[in-house]
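Written below as structure tokens is the structure these notes are about.
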Amino acid sequence: MQGILAGILTSVDVIGLYVLIPNIRYRLLLSVWTAALHMLFPLLGFELGNYLVRFLLEWGQWISSILLFSIGLHLLLVSHKDEKVTISPVLLAVTASLDTFSVSVSFGMLNLEKTIFIISAGMSALICSYGALVIARRSQVFLGKNIQIIAGIIFIIMSILAIQQNVN
């Protein structure tokens, strides 16, 4: 049960990212790619975790914080223009899935069931990403550019909170 819950929790952040990109042509393909990465990165994290524990514990939160901050700042800067948000879906999928690598290292140390966690993370990422992309398409009509501003502020706040955890 812990593995399933951990997999679901590591996939929820996909909703926050993918709700921002309403005009994705191949939503299912992006969702499958994200699910695959949500399974690949934890597998690598479990297998290579022993070698990379020091690096990830020291720098993983910083890298994640910088990526979140950059995405949030980008969203705020382009929200005032008439241009569409141009974040590469491939980069977005990697960014959304990168945190599962560092999380899986700690789950590996806790002896969490690897197979259950990886399957749960993949299935949850597929469901969350596809659902968020569908919601993004529909909410664009109601919220327009305001959703970019709200999401940008949320990502910047999340990055600041993550940095504060690193400092303490």
Any residue meeting side-chain contact (heavy atoms from CB on, under 4.5 Å) with Leu29, in chain and number order, not counting sequence neighbours: Tyr26
Side-chain cluster (under 4.5 Å, hydrophobic types only) that Ile66 belongs to, other residues: none
Same apolar cluster (I L V M F W Y, side chains within < 4.5 Å links), Leu30/Val14: yes
ILVMFWY network linking Leu44 to Leu37, side-chain heavy atoms under 4.5 angstrom: yes
Same apolar cluster: Leu126 and Val134, side chain cutoff 4.5 Å: yes
Hydrophobic cluster identity match, Leu133 and Ile135, side-chain contacts under 4.5 Å: yes
Pairs where residues 126-136 contributes a residue and the test side-chain hydrogen bond (donor to acceptor under 3.5 Å, both in side chains) is met, not counting sequence neighbours: Ser31-Ser129
Joint hydrophobic cluster, Met39 plus Leu43, side-chain heavy atoms closer than 4.5 Å: yes
Minimum heavy-atom distance between Ala121 and His38, given as atom pair plus value: CB-O, 3.6 Å
Residues forming a side chain to side chain donor-acceptor pair (under 3.5 Å) with Ser120, sequence neighbours excluded: none
